Protein chains: 2
Amino acid sequence: MTAQRGVVSITIRDVAQAAGVSTATVSRALRGLPHVDPETRERVRRVAAEMDYVVSPSASRLASGRTGTVAVITPFIDRWFFSTVLSGISDVLQESDVDLLVYEVGDPATSPGLPAERRLRGRVDGVIVVTLPTDAPRIADLLEIGLPASFIGVRWPGVPSVCIDDAAAARMATQHLINLGHERVGILSGRPQASTSQAARARGYTEAMKGAGLEPEEAAYGYFTVAGGESAMTSLLSQPRPPTAVFAMSDDMAFGAIRALQRHGIRPGVDIAIASIDGHDLSELLDLTTVGQPVEQMGRMAAHALLDRMLGRDNPDAGDPDAGEIAVPTTLVVRGSTVPVERTTSLG
Amino acid sequence: MTAQRGVVSITIRDVAQAAGVSTATVSRALRGLPHVDPETRERVRRVAAEMDYVVSPSASRLASGRTGTVAVITPFIDRWFFSTVLSGISDVLQESDVDLLVYEVGDPATSPGLPAERRLRGRVDGVIVVTLPTDAPRIADLLEIGLPASFIGVRWPGVPSVCIDDAAAARMATQHLINLGHERVGILSGRPQASTSQAARARGYTEAMKGAGLEPEEAAYGYFTVAGGESAMTSLLSQPRPPTAVFAMSDDMAFGAIRALQRHGIRPGVDIAIASIDGHDLSELLDLTTVGQPVEQMGRMAAHALLDRMLGRDNPDAGDPDAGEIAVPTTLVVRGSTVPVERTTSLG
DNA sequence: TTGAAAGCGCTAACAC
DNA sequence: GTGTTAGCGCTTTCAA
């Protein structure tokens with residue numbers, strides 16, 4: 001009937017027999033359910049341990065309908081933000097003895113990306129989605145399965161989410177540059193078709209500029225990568241009157257911008273000011289002023305929110321009012337990359 | 001009997017009935033097994049698609065004994081090397097329609113780390129272990145389950161592994177510094193109790209030094225982190241006669257070293273030379289000379305090796321001679337951080 | 001080529 | 001507090 005690999009493993013029946021009880025009792029005892037005599041429980045535990053018994057996950061799942069597994073859907077796993085989030089999630093899940101299944105779906109803007117909606121059915125008890133920018137149809141499909149979910153960087157009605165206030169973060173970075181006296185503040189944006197989070201950052205920048213009576217500049221697109229940031233910065237530099245300061249929507253793009261500046265013999269923090277958003281591990285090394293977000297913590301919070309959902313009431317109606325958006329705080333970390341305008345060399 | 005959540009999902013029985021065949025035929029047809037009339041298969045497929053049928057993983061697993069899942073055991077997921085490896089693994093697994101379970105076990109040298117040996121039983125069809133340095137007992141336990149395995153950065157008899165030639169990489173970096181005329185070449189090592197891979201890098205360094213008639217310096221320990229590299233470099237600088245060049249066993253430590261140098265007003269690539277191993281994404285940005293390894297590729301190879309094992313013969317005897325070690329090539333990438341000794345400022 | 005039927009190993013009513 | 005028992009939804013012999 002069954003493909004047996006390796007050692008024939010022992011089953012709950014073996015344990016029941018050895019302990020002189022029924023399989024039901026073994027099941028109850030081992031899972032810590034009530035209505036088991038303490039003495040019986042102890043004996044069952046001991047016997048099970050002696051026999052090195054391990055419950056069969058498949059059997060348990062089939063019978064109970066629970067998988068003890070959570071899927072994380074993320075565009076990337078090898079980029080700082082995402083791997084850090086993942087690590088936070090992993091921590092929490094591990095504490096709760098829940099398995100972590102990872103689906104790396106790629107940038108929805110470029111790759112088709114395997115949505116994995118149907119993959120998830122019966123495979124996991126819940127899903128954490130990490131910033132799939134503006135990928136509404138896919139997300140809707142996901143939720144249609146009725147799986148408990150929790151989002152990071154995406155707001156969705158009825159689903160708990162963990163986000164920073166993107167507009168505020170962008171405003172903070174931009175305002176900092178403005179406060180230093182800069183009037184021509186360039187912006188390194190993500191991509192032309194903005195995600196909600198990108199749009200909010202753009203808004204924050206624009207608001208800060210207009211609030212100071214300054215003219216927002218046209219965005220250069222860096223696609224949130226180092227290489228993209230480099231070429232975007234390069235294009236900014238080729239303008240007739242380059243900015244004296246630059247706001248980058250992500251640290252990676254700022255890193256790329258720094259490289260572009262180096263190539264042009266322009267010293268960030270001396271000839272030009274630059275600030276961004278992220279709080280990347282290596283931003284300190286590069287002396288980059290950035291608006292830090294508690295990324296690992298965000299992963300942890302999303303995991304907790306999901307776990308609550310999964311354990312909570314059985315009827316997580318969409319639109320549940322208390323499916324809260326958690327807005328985590330950001331902090332401006334001022335470093336050497338931002339200098340007052342009077343100290344910068346005129347590039348214009 | 002069963003906890004039913006959400007919509008009552010349709011089963012193979014529903015499909016069988018709708019298609020006018022038995023469940024056995026549906027199973028065969030949908031899985032592409034032979035001995036099914038093409039016409040029947042087509043009909044079953046259509047009906048299944050129309051009904052939006054998805055096999056229940058738990059049931060399928062219980063009946064077949066296969067899980068279609070692979071576990072990756074890694075000390076970290078939020079560090080460049082590990083997340084990059086993970087991404088490579090994820091790619092390959094996804095192509096083969098195999099699920100990826102991630103266990104982040106922490107640094108075995110410091111944390112107790114949940115070994116997860118018994119967790120794996122019945123949960124996955126195979127395991128990929130990423131550089132758990134010198135963690136022999138745990139690894140042995142793992143293999144005892146008889147699970148197909150594949151290692152990255154760890155050699156183990158009878159298990160396919162993907163490694164770089166650590167000694168050669170270290171030799172290459174050190175020799176490069178020696179060739180530039182440096183005679184006092186410091187070394188930023190990992191930790192006092194060396195893993196095999198760390199030991200090999202130390203050996204490569206020593207060999208290069210002795211081969212040039214130079215005296216190997218005493219190692220400073222940076223624990224493979226940026227912060228560790230910084231303090232290790234700091235201690236090197238406090239020596240009576242600091243080295244004119246430094247070999248760091250990892251890019252992260254080199255990054256930290258660069259920070260330490262910055263703090264001391266010493267310019268890497270001007271006052272001191274530094275070279276390391278990794279080929280980190282941001283090494284170019286920091287103009288760091290490094291011995292690059294194809295990390296993502298290593299992940300891919302390990303995944304392929306495991307998949308081969310899983311699909312291959314049913315009896316993967318330990319000690320199988322063709323359980324090959326794959327040694328991947330490394331390349332020295334020379335950048336601005338390594339300068340000839342005559343151009344460095346004397347620090348001694 | 002197809003179907004009948006016996007499990008896979010566990011959980012959860014329900015009865016005692 | 002404990003046992004009995006009927007599944008969970010599939011896969012896989014075996015027979016037709």
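Chain identifiers are assigned alphabetically (A, B, ...) following the order of the sequence lines, protein sequences preceding nucleic acid strands; residue numbering begins at 1 within each chain. Just so we're clear, the structure is a prediction, and the values are computed from it rather than from any experiment. All heavy atoms count here, side chains included; hydrogens, waters and symmetry mates do not.
- Between A:Arg66 and C:dA12, a side-chain N or O to OP1/OP2 separation shorter than 4.0 Å is present.
- Here the P atom of nucleotide D:dG9 and the CG atom of A:Leu62 are 7 Å apart, to the nearest Å.
- Spacing between atom CD1 of A:Ile12 and atom C1' of C:dT11 amounts to 8 Å, rounded to whole angstrom units.
- Of the candidates C:dG3, D:dT11, C:dT11, the closest approach to any side-chain atom of B:Val21 belongs to C:dG3.
- Listed by chain and residue number, nothing satisfies the side-chain hydrogen bond (donor to acceptor under 3.5 Å, both in side chains) test with A:Ser150 (two or more places apart in sequence, or in another chain).
- The side-chain contact (heavy atoms from CB on, under 4.5 Å) test applied to B:Asp52 returns A:Arg118, A:Arg121, not counting sequence neighbours.
- Within residues 24-37 of chain A, the residues approaching DNA chain D are A:Ala24, A:Thr25, A:Arg28, A:His35, A:Val36, A:Asp37, by heavy-atom distance under 4.0 Å.
- Taking atom CZ of residue A:Arg13 and atom C1' of nucleotide C:dC8, one finds them 9 Å apart after rounding to whole Å.
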Task: Intermediate values then yes/no, side-chain contact (heavy atoms from CB on, under 4.5 Å), A:Thr74 and A:Val85 - done: CA-CA 10 Å; A:Thr74 175; A:Val85 159; over 6 Å; no

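- The stretch residues 28-44 of chain A participates, sequence neighbours left out, in these side chain to side chain donor-acceptor pair (under 3.5 Å) pairs: A:Ser27-A:Arg31.
- Between the two ends of the helix from C:dT1-D:dA16 to C:dC16-D:dG1, each summarised by a five-pair axis, the helix axis turns through 30° (rounded to 10 degrees).
- Not one side-chain nitrogen or oxygen of B:Thr11 sits closer than 4.0 Å to the OP1 or OP2 atom of D:dC8.
- For A:Asp78, the salt bridge (Lys or Arg N to Asp or Glu O under 4.0 Å) test picks out no residue, with sequence neighbours left out.
- Among residues two or more places apart in sequence or in another chain, the salt bridge (Lys or Arg N to Asp or Glu O under 4.0 Å) test is passed with B:Arg155 by B:Glu325.
- A donor-acceptor contact closer than 3.5 angstrom links the side chains of B:Thr25 and B:Ser22.
- Following rounding to the nearest Å, A:Gln17 (CD) and D:dG3 (P) show an atom-to-atom distance of 13 Å.
- For residues 57-77 of chain A, the pairs satisfying ring pair (Phe, Tyr, Trp, His ring centres under 6.0 Å) are A:Phe76-A:Phe82, with sequence neighbours left out.
- Note: CZ (A:Arg61) to C1' (D:dC10) measures 15 Å, nearest angstrom.
- Note on B:Thr40: a side-chain N or O is less than 4.0 Å away from OP1 or OP2 of C:dT2.
- The side-chain contact (heavy atoms from CB on, under 4.5 Å) search around A:Ala149 returns A:Leu143, A:Phe151, A:Val159, not counting sequence neighbours.
- Side-chain N/O atoms of B:Ser22 include none lying less than 4.0 angstrom from OP1 or OP2 on C:dT2.
- Among the atoms of the strands shown, none is found under 4.0 Å from any heavy atom of B:Ser58.
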